[in-house]
2 protein chains.
Amino acid sequence: MKRNSRLSAVLHALMHMAEREAPMTSDDLALCLDTNAVVVRRTMAGLREAGIVQSGRGHGGGWHFARPLADISLLDIYNALGEPIVFQIGPATEMPGCVVEQSVNRVIGEALKDAEAILMARFAGTTLADLAADFRVAAKHCRADTG
Amino acid sequence: MKRNSRLSAVLHALMHMAEREAPMTSDDLALCLDTNAVVVRRTMAGLREAGIVQSGRGHGGGWHFARPLADISLLDIYNALGEPIVFQIGPATEMPGCVVEQSVNRVIGEALKDAEAILMARFAGTTLADLAADFRVAAKHCRADTG
DNA sequence: GCGATTCGTAACTATTATTGTTACATGAAA
DNA sequence: TTTCATGTAACAATAATAGTTACGAATCGC
């Protein structure tokens with residue numbers, strides 16, 4: 001299956017925004033992400049509703065942050081994206097009648113739940129400021145293009 | 001997208017097999033799993049190659065275990081299935097040229113890797129015997145159908 | 001006000017992974 | 001030798017994501 005790359009993509013977009021002063025248009029970001037402006041708007045819509053970014057129309061419009069990078073965790077963003085499904089593997093039936101299947105689903109489900117909790121904790125503990133700092137360290141070693 | 005339910009499905013099948021003495025045919029299992037016999041064969045093929053189950057043709061044929069349930073971990077089965085992709089979320093580009101994207105991918109990738117390690121450890125520590133025992137406890141409380 | 005710019009959104013297409021189905025060959029037991 | 005059962009290829013169905021087109025609505029500069 002195609003994997004869901006919205007989290008990755010939107011973080012990529014936000015980091016580009018973080019490197020600039022002025023708002024960036026959907027077209028700007030689409031160029032960075034090598035995708036379409038509509039896809040950008042669609043993805044960013046959730047973040048706007050969550051109060052993470054703001055958008056402006058017309059001349060000089062575009063996307064900018066609604067609050068400091070240090071106040072935005074990866075979990076905030078994950079949630080703003082509509083909490084995409086984490087795992088590709090999952091149960092065959094959500095509400096099985098078969099007792100055997102129920103038992104299997106429970107065991108697998110608990111394992112997945114624990115792994116997901118680890119992931120969410122990690123997301124909660126990482127802010128966009130962390131991510132930006134991480135990037136700047138990496139960029140020091142390799143002053144290449146940023147497109 | 002559709003989620004990959006092969007692990008869940010095959011465990012369901014194996015638990016039904018564990019509850020019986022005689023081999024079960026693909027048709028038997030397909031009935032249990034509410035699916036098609038070909039799908040069963042396809043899924044079980046990996047387990048046969050991994051030496052977890054054996055199959056016999058003709059009269060009295062079908063599927064049976066190749067070794068004790070206590071010697072088969074969920075990780076063995078996961079691996080036998082061809083190590084299906086665990087996460088639905090993932091990077092937009094596998095080998096990005098953009099340094100910003102590389103940085104984002106690395107941070108996200110590490111978080112996913114850690115979560116996956118937790119999951120695999122859990123799978124490694126659970127055997128089919130554990131699963132069967134778990135089921136029998138649950139079945140005591142609810143003596144319903146097992147199909 | 002007018003026109004250029006930019007977001008907002010619906011509708012449709014393209015891509016791709018999983019699952020289901022059909023068909024037929026192969027092998028084993030009664 | 002007939003019947004039962006797996007082995008496998010080929011194709012259809014399903015479903016989720018991502019890309020595209022089209023048009024409406026809001027904002028800015030003139």
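For the numbers below, each heavy atom of this structure counts, side chains included, while hydrogens, waters and symmetry mates do not. Each chain gets a letter, A, B and so on, in the order its sequence line appears, and its residues count up from 1.
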>> For the CG atom on B/Asn79, are there more than 12 heavy atoms of other groups (residues, nucleotides or ligands in this structure) within a distance under 6.0 Å?
In response: yes
Length of the line joining [X]:[atom1] and [N]:[atom2], which is rounded to integer Å:
X	N	atom1	atom2	result
B/Ile89	D/dA18	CD1	C1'	17 Å
B/His64	D/dT6	NE2	P	11 Å
B/Leu29	C/dG20	CG	C1'	17 Å
A/Arg3	D/dG19	CZ	P	16 Å
B/Arg42	C/dA23	CZ	C1'	14 Å
B/Leu33	C/dT18	CG	P	18 Å
A/Met44	C/dC7	CE	P	10 Å
B/Leu31	C/dG20	CG	P	14 Å

>> Within the 4.0 Å heavy-atom criterion, would you say B/Asn36 contacts the bases, only the backbone, or no part of the nucleic acid?
In response: base
>> Any base atoms under 4.0 Å from A/Arg6, or only sugar-phosphate, or nothing? Heavy atoms, all strands.
In response: sugar-phosphate
What are the two closest heavy atoms between [X] and [Y], and how far apart are they?
X	Y	result
A/Met24	A/Cys32	CE-SG, 4.1 Å
B/Ala18	B/Phe65	N-CE1, 3.8 Å
B/Gly60	B/Pro23	O-CG, 4.0 Å
B/Gln88	B/Arg3	OE1-CG, 4.1 Å
A/Pro84	A/Asn4	CB-ND2, 3.5 Å
B/Ala80	B/Ile52	CB-CD1, 3.9 Å

> Any side-chain N or O of A/Thr35 under 4.0 Å from OP1/OP2 of D/dA18?
Replying inline: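 Answer is no, no contact under 4.0 Å.
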> For C/dT6, does OP1 or OP2 lie under 4.0 Å from any side-chain N or O of A/Ser26?
Replying inline: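 For C/dT6, OP1/OP2 do not have a side-chain N/O of A/Ser26 under 4.0 Å.
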> Between D/dT8, D/dT6, C/dC7, which nucleotide gets closest to the side-chain atoms of B/Trp63?
Replying inline: D/dT6
> Among C/dC7, D/dG19, D/dT6, which nucleotide sits nearest the side chain of A/Arg41?
Replying inline: C/dC7
> Considering heavy-atom distances to DNA chain D, does A/Ile85 or B/Met24 have its closest nucleotide positioned more toward the 5' end?
Replying inline: B/Met24
> Using a distance-only test with no angle check, is there a side-chain donor-acceptor pair under 3.5 angstrom linking B/Ser8 and A/Asn105?
Replying inline: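 A/Asn105 and B/Ser8 do have a side-chain donor-acceptor pair below 3.5 Å.
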>> Checking side-chain polar atoms at under 3.5 Å, does A/Thr25 have a donor or acceptor matched by the opposite partner on A/Trp63?
In response: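 Side-chain D/A pair, A/Thr25 to A/Trp63: absent.
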>> Give the residues of residues 47-61 of chain B touching DNA chain D, defined as any heavy atom closer than 4.0 Å, sorted by residue number.
In response: B/Arg48, B/Ser55, B/Gly56, B/Arg57, B/Gly58, B/His59
> Where along residues 104-111 of chain A does a heavy atom come under 4.0 Å from DNA chain D, residue by residue in number order?
Replying inline: none
>> Just to verify, which of A/His12, A/Glu19, A/Arg20 counts as forming a side-chain hydrogen bond (donor to acceptor under 3.5 Å, both in side chains) with A/His16?
In response: A/His12
